Amino acid sequence: MSTYAQKKGFGATIWDYLTTVDHKKIAILYLIAGGIFFILGGLEAVFIRIQLAVPDNNFVTAGQYNEILTMHGTTMIFLAAMPLLFAFMNAIMPLQIGARDVAFPFLNSLGFWLFFFGGLFLNLSWFLDGAPDAGWTSYASLSLDSAGHGIDFYALGLQISGAGTLIGGINFLVTIINMRAPGMTYMRMPLFTWSTFVASALILFAFPPLTIGLFFLIFDRMFGSNFFDPTMGGNTILWEHLFWIFGHPEVYILILPAFGIFSEIFATFSRKRLFGYSSMVFATVLIGFLGFMVWAHHMFTTGMGPVANAIFAVATMAIAVPTGIKIFNWLFTMWGGSIKFTTPMLWAVAFIPSFVAGGVTGIMLATAAADYQYHDSYFVVAHFHYVIVGGVVFALLAGTHFYWPKMFGTMLNEFLGKITFWLFLIGFHLTFFIQHFLGLMGMPRRIFTFLKGQGLETGNMISTVGAIFMSIAVIVLLINIVITSVKNEKVGNDPWEDGRTLEWALPSPPPFYNFKQLPLVRGLDAYWIEKMEGKQGMTPAEPLGDIHMPNNSIIPVIMSIGLFIAAFGAMYHNEHSWGIPVLIGGMLITLLSMFFRSVKDDHGFHIHKEDLLEDEDKGGKA
Amino acid sequence: MHAEEKFTHETWPASPERATLEAKNKFLGFWLFLGGETVLFASLFATYLALKDKVPNAEQALAKDLFELPLVFIMTMLLLTSSLTSVYAMYHMKNFHFKKMQLWLGITVLLGLAFLGFEIYEFNHYVHEFHHTFSSSAFGSAFYTLVGFHGAHVALGLLWITTLMVRNARRGLSLYNAPKFYVASLYWHFIDVVWVFIFTVVYLMGMVG
């Protein structure tokens, strides 16, 4: 342990996490930060449902309601769902392909801190001048008119965290292309790695239009430009296009990794190879491709004309084909398998009917003519919660239970896990199923209250009761996490006993260099193959040698803080004279950190063979 | 091959920009980044085309009133030539001729600076002669954002290449910095390609249509 002895103590641990470039620790940071934002977004959801529980309620004012619904959507999409998926991608994907780290460990850390400070900036709006109130889509006609600084917080905060996401996407792409272990061909990659790959490609091509849209919004609101102002020749629809060219791929960025997690879970607990692996890969890539062709289905009622509407309607319906392929492949994976109903498997099984329900309403909404009726009603709210909660959140909760032992070395309690599952499943359907009917009965979305005697009382009350169920489910999960962490009963490499992919060949949690010797991959489900041949672990593909590792660095935090400071300067420069100096100062902090990083030699360090041999008895065999 | 290894003209590998794993990652990662940048500029071009000549009143200058070919032609030639000189620099990098590489990079930087100077003159000209500003119309916002984003990329590229040159002036070439030089030159080519599109879409189409 001589060369990489770790300091102990609380301060040292904090410093370690601030400077870490280890993908497994960054995964934990993403999990914690994403989890906190998930709870914040959940609280906002509960406030929405309390306000709408009874007619003519005044729990919050109309203005506060707009802020809460905007922050609920923005937080859940950008600051909870994506970071939580990034947590699993970081924790698991490099292990699945047999890599020692990601391609750019420094950028990995930078990506996290940009996301974190962007999210922090956005949420500071609650304490300074009020939160954004134009919906998570922030359509320009609303957002340019919004008083105060709420929308500025939205635009600047998302700009910072979006840069972090883009960096993360490029990093995962290069990692998967360049750093696979010997024998790990593309068509032997586990489905979670495949879906990470496709989602990262979507990030690469979908985030730049958002960056541009946000720049326009920032310029229009803070620097006097006229992109969206029709009186000056601008065009307010421009924002809608830029936003949805980003926004539609974004939902596939969320759902594809969720599909990946479920694919792993289905195969593992059916104790069967994933049915139709190649068609699953094909469907994943096809969904990613089609995801860019359908953005305008969010804008059917904008007035694009029947031809554009028809094209986008048909393209949208086409996505049902690869998604259907996936659904049937999951069903056939279970068919004839020897199924174990663990907590992750329960989530996976419940995901299929829930997600299909969301898919069916998706096809209904894709019918452009009918969409004129559904548009901006609770039917839409029901639809996207069925796909995003029934798909993504189920996957996040399943993944939390499934990968917890690999990330922390101890198993979440299965009994409490099942309680969480049932409470959440019941609560989810209670909340959102009835909203289809509320929408069809004429209840518009984003409305802060409703009148008595219009037949909306019962439905809304049921919906609120469901939200309470989901809240209790999340509290049970938190209790579960506390109990598990306090007990801290250590588990071995393969705690579910049916692990198929490389990550289960490693200790839980893996040593910081992951693989002492890179493994030789002999087929799909690499670890399963070795187990079936009676071997204890993977066959090494290289002799034991020195391992090259990157150095820790505090620079990512400083760079992110620079942009965080600059954002305040940009926001206040019209009313305070210190605005421009602070903007320039913040940018300088970031630029100088980049300069410092470029100029300084940083070759990393080597773990020596002798130290690795010393580590042998601590279960580092792989 | 290790990043710290010392090389001679004979032992220098054929593709030093991809000789180590770190270099391979950098090479691929940067290509992907340029893919994202392409979408970024595509969004700006789309916006420019949508807002071209969209002005609030008849007094405001339109594209056909603003642009003059000689100035833009000189700028185009400067930037295209700078792309060529950066190719020479990379040729010498691959042949382990550090001094010659530095010389050609230096010429690239000078050409880039000249381009930037002309661009500043051009913007200044539009603002003072035509009152065509960032805030005067949607056309103005779209024009200055598209061309200004490109200009900012040029400025950043100049800072980047200069930093690399100064930093490595005493160190010479190694497998640690060869990919850095290579990636910077890739970035410079990308800037050049974007300018070719700006020249066509903004200036030529602006004067004709």
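Reminder, nothing fancy here: chain letters follow the sequence lines and each chain counts from 1. These numbers were taken from a predicted model, which means no experiment stands behind them.
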Using every non-hydrogen atom in the two residues, find where A:Asn226 and B:Ala138 come nearest and quote the distance to one decimal. O-CB, 3.4 Å
Mind checking the CD-CG spacing from B:Glu37 to A:Leu166? Nearest 0.5 Å is all I need. 9.0 Å
Distance check, rounded to the nearest 0.5 Å: A:Leu591 atom CG versus B:Leu159 atom CG? 7.5 Å
Do B:Ser135 side-chain atoms and A:Gly224 backbone N/O form a donor-acceptor pair below 3.5 Å? yes
From B:Leu40 atom CG to A:Ile212 atom CD1, the distance as rounded to the nearest 0.5 Å: 3.5 Å
Return the CG to CG distance between B:Asn25 and A:Leu173, rounded to the nearest 0.5 Å. 12.0 Å
Here the pair of heavy atoms bringing B:Ala50 nearest to A:Leu238 is CB-CD1, 4.2 Å
Any chance you could measure B:Lys24, atom NZ, to A:Ile177, atom CD1, to the nearest 0.5 Å? 13.5 Å
A:Phe215 vs B:Thr145 side-chain heavy atoms within contact, under 4.5 Å: no
What part of A:Phe595 lies closer than 4.5 angstrom to a heavy atom of chain B: side chain, backbone, both or neither? side chain
Does A:Asp601 come within less than 4.0 Å of B:Arg167, counting only side-chain N to carboxylate O? yes
Which bit of A:Met179 is near chain B, if near means a heavy-atom gap under 4.5 Å: side chain, backbone, both or neither? side chain
Supply the atom-to-atom distance B:Thr47 OG1 to A:Trp239 CH2, rounded to the nearest 0.5 angstrom. 11.5 Å
Grab the two heavy atoms, one from A:Pro209 and one from B:Ser43, that are nearest each other, plus how far apart they are. CA-OG, 3.6 Å
If you take all heavy atoms of A:Met232 and B:Pro56, which pair is closest and at what distance? O-CD, 3.7 Å
Please name the pair of heavy atoms, one in B:Phe33 and one in A:Ile170, separated by the smallest distance, quoted to 0.1 Å. CA-CD1, 3.7 Å
Any non-hydrogen side-chain atom of A:Val174 less than 4.5 Å from a side-chain atom of B:Trp31? no
